[in-house]
Trainee: 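Just dropping this structure here.
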Amino acid sequence: MREEIGYVPVGEAELYVEDVGPVEGPALLVLHGGPGGNAYVLREGLQDYLEGFRVVYFDQRGSGRSLELPQDPRLFTVDALVEDTLLLAEALGIERFGLLAHGFGAVVALEVLRRFPQAEGAILLAPWVNFPWLAARLAEAAGLAPLPDPEENLKEALKREEPKALFDRLMFPTPRGRMAYEWLAEGAGILGSDAPGLAFLRNGLWRLDYTPYLTPERRPLYVLVGERDGTSYPYAEEVASRLRAPIRVLPEAGHYPWIDAPEAFEEAFKEALAALVPALRGPLVD
């Protein structure tokens with residue numbers, strides 16, 4: 001299998017990129033979660049389903065294995081991540097592509113679709129689009145009644161517990177799923193910078209509600225979510241409704257549904273890919 005690994009400069013940033021699969025295959029750009037995550041767990045979890053595709057896994061600016069950037073809020077915006085994605089596609093000679101986004105990556109994917117006609121559609125896995133809603137869920141996970149202000153919810157929740165404990169409580173329906181994820185993440189040995197998360201916090205991420213920008217889209221969109229992912233469900237139903245996109249809710253699955261419900265996830269994921277492929281192979285439309 002073709003695999004090209006290296007660093008690609010995109011303006012102010014230099015991204016770690018794994019470009020795998022046949023060059024002539026339908027192209028997918030993978031947008032990981034975070035902010036400040038990396039693409040390692042997504043490749044480990046999803047690559048077996050993506051045979052025949054050209055898949056570009058990359059760590060977003062300043063994150064994971066990409067080169068570090070200063071903790072400057074100007075450098076860490078959704079606009080910057082969108083621009084990086086488009087510049088990366090251009091640098092790799094990819095004229096048209098689909099997007100495969102997880103968690104926070106969904107906002108970036110939806111903005112790319114909104115601005116760039118050669119993005120032919122997207123699969124949104126466990127999408128995060130309403131951060132005030134997510135802050136309220138974190139407050140509830142800490143045993144608090146949510147307050148009107150999302151940043152107060154976050155602050156009060158973190159007074160009670162560490163962020164990892166709160167997110168684990170919402171993301172993982174079983175200890176087995178959490179352990180499987182941590183085994184993968186720890187095996188990667190990736191110590192990413194905390195600059196992206198802190199810079200986005202200063203930029204007011206927890207006040208970002210992308211919901212008003214969710215409008216019906218002519219290009220294929222598909223939403224996959226675990227029924228027990230407290231970080232994205234049931235709000236994912238609202239996301240799918242506004243986009244008029246099909247949604248598959250996977251019972252007993254959390255934020256990483258391929259770990260918790262592999263058979264149900266495989267069926268739903270292949271269905272979503274099948275819906276996207278015709279758009280990636282059809283004629284280019286200006």
Side-chain angles (χ1 to χ4, degrees), residues 31-42 44-45 59-60 62-64 76 101-108 124-147 149-188 190-210 224-236 239 249-250 252-261 265:
L31 293 163
H32 63 71
N38 63 75
Y40 179 85
V41 170
L42 294 180
E44 288 296 304
D59 293 351
Q60 294 160 17
S63 301
F76 293 101
H102 184 243
F104 170 75
V107 169
V108 183
L124 308 179
L125 302 176
W128 291 0
V129 299
N130 184 337
F131 290 86
W133 180 87
L134 178 54
R137 303 292 76 73
L138 289 167
E140 291 172 345
L144 300 168
L147 300 167
D149 185 292
E151 291 181 353
E152 283 298 311
N153 279 326
L154 186 66
K155 183 173 74 173
E156 292 303 316
L158 295 181
K159 283 181 181 178
R160 289 209 171 187
E161 293 195 56
E162 292 293 319
K164 182 181 183 305
L166 294 174
F167 276 104
D168 281 359
R169 194 168 300 154
L170 293 174
M171 288 179 171
F172 298 105
T174 66
R176 185 199 68 81
R178 178 180 57 77
M179 291 176 65
Y181 168 79
E182 290 186 354
W183 183 83
L184 280 175
E186 290 175 6
I190 300 169
L191 299 175
S193 168
D194 59 2
L198 293 173
F200 269 101
L201 178 64
R202 289 176 59 190
N203 275 335
L205 174 67
W206 291 94
R207 296 186 181 277
L208 171 62
D209 179 4
Y210 194 80
L224 292 179
V225 63
E227 186 179 32
R228 295 183 62 187
D229 178 9
T231 68
S232 60
Y233 191 77
Y235 203 81
V239 174
V249 181
L250 304 178
E252 303 305 316
H255 195 59
Y256 302 89
W258 55 90
I259 291 176
D260 300 310
F265 175 79

Trainee: Would you name the heavy atoms of G62 and S193 that are closest together and state the gap between them?
Mentor: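 For G62 versus S193, the nearest heavy atoms are O-CB, 3.8 Å.
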
Trainee: Kindly give the heavy-atom pair with the smallest separation between A106 and P127, and that separation in Å.
Mentor: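 Where A106 meets P127 most closely, the heavy atoms are CB-CB, 3.6 Å.
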
Trainee: Report the relative orientation of the aromatic rings in F172 and Y256; use parallel for angles under 30°, tilted for 30 to 60°, perpendicular for over 60°.
Mentor: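 The arrangement is parallel - the two ring planes meet at less than 30°.
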
Trainee: Restricting to non-hydrogen atoms, name the atom on L184 and the atom on Y40 that form the minimum distance, rounded to 0.1 Å.
Mentor: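 Answer, listing the atom of L184 first, then Y40: O-CE2, 3.4 Å.
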
Trainee: Under 4.5 Å between any side-chain heavy atoms of Y235 and W128, yes or no?
Mentor: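 No - every pair of side-chain heavy atoms lies 4.5 Å or more apart.
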
Trainee: Judged by atom type as modelled, is there a donor-acceptor pair below 3.5 Å linking the side chain of R137 to the main-chain atoms of W133?
Mentor: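 Yes, because the side chain of R137 sits within donor-acceptor range (under 3.5 Å) of the backbone of W133.
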
Trainee: Residues in side chain to side chain contact (heavy atoms under 4.5 Å, CB included) with E182, at least two apart?
Mentor: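 Checked E182 against side chain to side chain contact (heavy atoms under 4.5 Å, CB included); matches are K164, D168, R178, E186.
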
Trainee: Does any part of the side chain of V239, heavy atoms only, come nearer than 4.5 Å to the side chain of Y210, both counted from C-beta?
Mentor: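 Y210 vs V239: side chains apart.
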
Trainee: Please tell me if the side chains of K159 and K155 come closer than 4.5 Å, counting only heavy atoms from C-beta onward.
Mentor: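 Answer yes - side chains close enough.
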
Trainee: Which pair of heavy atoms, one from H255 and one from T231, lies closest together, and at what distance?
Mentor: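 That would be ND1-OG1, 3.2 Å.
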
Trainee: How would you list, by chain and number, every residue that makes a side chain to side chain contact (heavy atoms under 4.5 Å, CB included) with A253, sequence neighbours excluded?
Mentor: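 Result, side chain to side chain contact (heavy atoms under 4.5 Å, CB included) vs A253: L250, P257, D260, A261.
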
Trainee: Starting at CZ of F76, measure out to CG of L205 and round the result to the nearest 0.5 Å.
Mentor: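 Those atoms lie 13.0 Å apart.
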
Trainee: Not counting sequence neighbours, which residues clear side chain to side chain contact (heavy atoms under 4.5 Å, CB included) with N203? List them please.
Mentor: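 Side chain to side chain contact (heavy atoms under 4.5 Å, CB included) list for N203, sorted by chain: P73, T77.
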
Trainee: What is the minimum heavy-atom distance between P173 and R228, and which atoms define it?
Mentor: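 Closest heavy-atom pair between P173 and R228: O-NH2, 3.3 Å.
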
Trainee: Check each of L166, L147, L138 against L154 using the side chain to side chain contact (heavy atoms under 4.5 Å, CB included) test, and report the only one that passes.
Mentor: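 The passing option is L138.
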
Trainee: Among all residues two or more places apart in sequence or in another chain, which pass the side chain to side chain contact (heavy atoms under 4.5 Å, CB included) test with A135?
Mentor: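 With sequence neighbours excluded, A135 shows a side chain to side chain contact (heavy atoms under 4.5 Å, CB included) to P150, N153, W206, given in chain and number order.
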
Trainee: With a 3.5 Å distance limit and no angle check, can you tell me whether N130 reaches the backbone of D209 through a side-chain donor-acceptor pair?
Mentor: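 No; judged by distance alone, with no hydrogens or angles, the pair does not exist.
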
Trainee: State, with a plain yes or no, whether a side-chain heavy atom of F200 is found less than 4.5 Å away from one of L208.
Mentor: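 Counting from C-beta outward, F200 and L208 never come under 4.5 Å.
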
Trainee: Check whether H32 reaches the backbone of Q60 with its side chain - one donor and one acceptor, N or O, closer than 3.5 Å.
Mentor: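 Yes; at least one donor-acceptor contact below 3.5 Å.
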
Trainee: Under the rule for salt bridge (Lys or Arg N to Asp or Glu O under 4.0 Å), what residues qualify as partners of R176, not counting sequence neighbours?
Mentor: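 With neighbours one apart ignored, the set is empty.
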
Trainee: With sequence neighbours excluded, what pairs up with D229 under the salt bridge (Lys or Arg N to Asp or Glu O under 4.0 Å) test?
Mentor: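 Here no residue qualifies.
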
Trainee: I need the minimum non-hydrogen distance between L42 and L31, along with the two atoms involved.
Mentor: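 Result for this residue pair: CD1-O, 4.3 Å.
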
Trainee: Just how far is it from atom CD of E252 to atom OG1 of T174, taken to the nearest 0.5 Å?
Mentor: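 OG1 of T174 is found 9.5 Å from CD of E252.
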
